[in-house]
Asks: 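Mind having a look at this structure? Questions to follow.
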Amino acid sequence: MSEALDAKVAARRQAELISSLRSLRKGSNGNGSAGPEEHCDLCGKGLPSEHRHLLHLEERYILCACESCVALRGGDRELRPTGTRFAWLEDFSLPDDVWASFSIPIGLAFFMISSSVGSVVAFYPSPAGATESELDLEAWDALCAENPGLILDPDAEALIVNRMQEPNQHAIAPIDECYRLVGMIKAKWEGISGGMEPEAAIAGFFEEIRVKAGAA
């Protein structure tokens, strides 16, 4: 993706963020209607609330996209359409020693196969957004040995692990859903500890994934 397009995307997002904040402050956009619609980050076309996304492989950020741009740009070297699969992994096996070998500081993370680096990458949410964690590939191999049916579509979907509640929760979801979780936590984080809202947001997110996977 060109620097000019990156700058254009950033400028549009900043403008829409400012407009959205003003709408929240006023309770509307000033004329009684709802806030501004979302736009395709590639062509600028207006989008419905439910729309497709593309992942920028190098920078690992999500682009909102119309169906035409998904079809035209989804095969670009630096872009990949996000996945559509939801799977609730009821009998997933993740022993404590395998989890410890990942060296992830919190009990919530997602794992994706990145074609740009040629390996599995782990991310966990933080107040600043998605934090990347170096992954011990031997630990990933051990996890796959525990779960022979674990197969991920590179760049498009991820394994999500929630060890912050009992029983632990495991699911496969589109990568844009994983980034949505990170955004929810960042938006609801308060103070040093985060407060109670992120915990409630995480619980609600996993319930949504469970329903979408048909396991509710």
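For the single chain, residues carry numbers from 1 onward in sequence order.
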Asks: Looking at NZ of Lys45 and SG of Cys66, how far apart are the two atoms once the value is rounded to the nearest 0.5 Å?
Replies: 5.5 Å
Asks: Membership question, hydrophobic clusters at under 4.5 Å side-chain separation (ILVMFWY): are Leu63 and Leu72 in the same one?
Replies: no
Asks: Taking side chain as C-beta onward, heavy atoms only, is Leu135 less than 4.5 Å from Ser119?
Replies: no
Asks: Out of curiosity, Trp88 CH2 to Ile209 CD1, how far, rounded to the nearest 0.5 Å?
Replies: 8.0 Å
Asks: How long is the gap from CD1 on Ile160 to CZ on Phe111, to the nearest 0.5 Å?
Replies: 11.0 Å
Asks: Which pairs count as salt bridge (charged side-chain N to carboxylate O under 4.0 Å, His left out) when at least one residue sits in residues 114-131, sequence neighbours excluded?
Replies: none
Asks: Phe92: what forms a ring-ring contact (aromatic ring centres under 6.0 Å, His included) with it, not counting sequence neighbours?
Replies: His170
Asks: Determine all donor-acceptor pairs shorter than 3.5 Å in which one atom belongs to a side chain in residues 174-183; sequence neighbours excluded.
Replies:
{"from": "Asp176", "atom 1": "OD2", "to": "His53", "atom 2": "ND1", "distance (Å)": "2.8"}
{"from": "Asp176", "atom 1": "OD2", "to": "Thr82", "atom 2": "OG1", "distance (Å)": "3.3"}
{"from": "Glu177", "atom 1": "OE1", "to": "Arg180", "atom 2": "NE", "distance (Å)": "3.1"}
{"from": "Glu177", "atom 1": "OE1", "to": "Arg180", "atom 2": "NH2", "distance (Å)": "2.7"}
{"from": "Tyr179", "atom 1": "OH", "to": "Arg60", "atom 2": "O", "distance (Å)": "3.3"}
{"from": "Arg180", "atom 1": "NH2", "to": "Glu208", "atom 2": "OE1", "distance (Å)": "2.9"}

Asks: Is Leu94 close to Asn168 at the side-chain level, that is, under 4.5 Å between some pair of heavy atoms?
Replies: no
Asks: Going by the salt bridge (charged side-chain N to carboxylate O under 4.0 Å, His left out) test, which pairs reach into residues 80-89, not counting sequence neighbours?
Replies: Arg80-Asp155, Arg85-Glu157
Asks: Find the distance between CG (Leu54) and SG (Cys40) and round it off to the nearest 0.5 Å.
Replies: 8.0 Å
Asks: Distance check, rounded to the nearest 0.5 Å: Met164 atom CE versus Glu199 atom CD?
Replies: 6.5 Å
Asks: Would you say the side-chain atoms of Asn162 pair up with the backbone N or O of Leu108, donor to acceptor, closer than 3.5 Å?
Replies: no
Asks: Do the side chains of Ile185 and Tyr124 get nearer than 4.5 Å, heavy atoms only?
Replies: no
Asks: Please step through side-chain contact (heavy atoms from CB on, under 4.5 Å) for the pair Ile62 and Asp41, ending with a clear verdict.
Replies: CA-CA 9 Å; Ile62 299 296; Asp41 286 323; over 6 Å; no
Asks: Do Leu47 and Leu55 share a hydrophobic cluster, counting only Ile, Leu, Val, Met, Phe, Trp and Tyr and linking them when any side-chain heavy atoms are less than 4.5 Å apart?
Replies: no
Asks: Test of understanding: with side-chain hydrogen bond (donor to acceptor under 3.5 Å, both in side chains), list the residues that count as partners of Asp96, not counting sequence neighbours.
Replies: Arg163
Asks: Looking at CG of Leu159 and CZ of Phe110, how far apart are the two atoms once the value is rounded to the nearest 0.5 Å?
Replies: 11.0 Å
Asks: Quick one, Ile202 and Phe205 - any side-chain contact, counting heavy atoms below 4.5 Å?
Replies: no
Asks: Using distance only, find each side-chain donor-acceptor pair of residues 97-107 under 3.5 Å and give its atom names and separation, not counting sequence neighbours.
Replies:
{"from": "Ser101", "atom 1": "OG", "to": "Val98", "atom 2": "O", "distance (Å)": "2.5"}

Asks: For Arg52 and Pro81, work out which heavy atoms get closest and say how close.
Replies: NH2-CB, 3.8 Å
Asks: For a quick test of reading the model, state the closest non-hydrogen atom pair linking Ser114 to Val121 and the distance between them.
Replies: CB-CG2, 3.8 Å
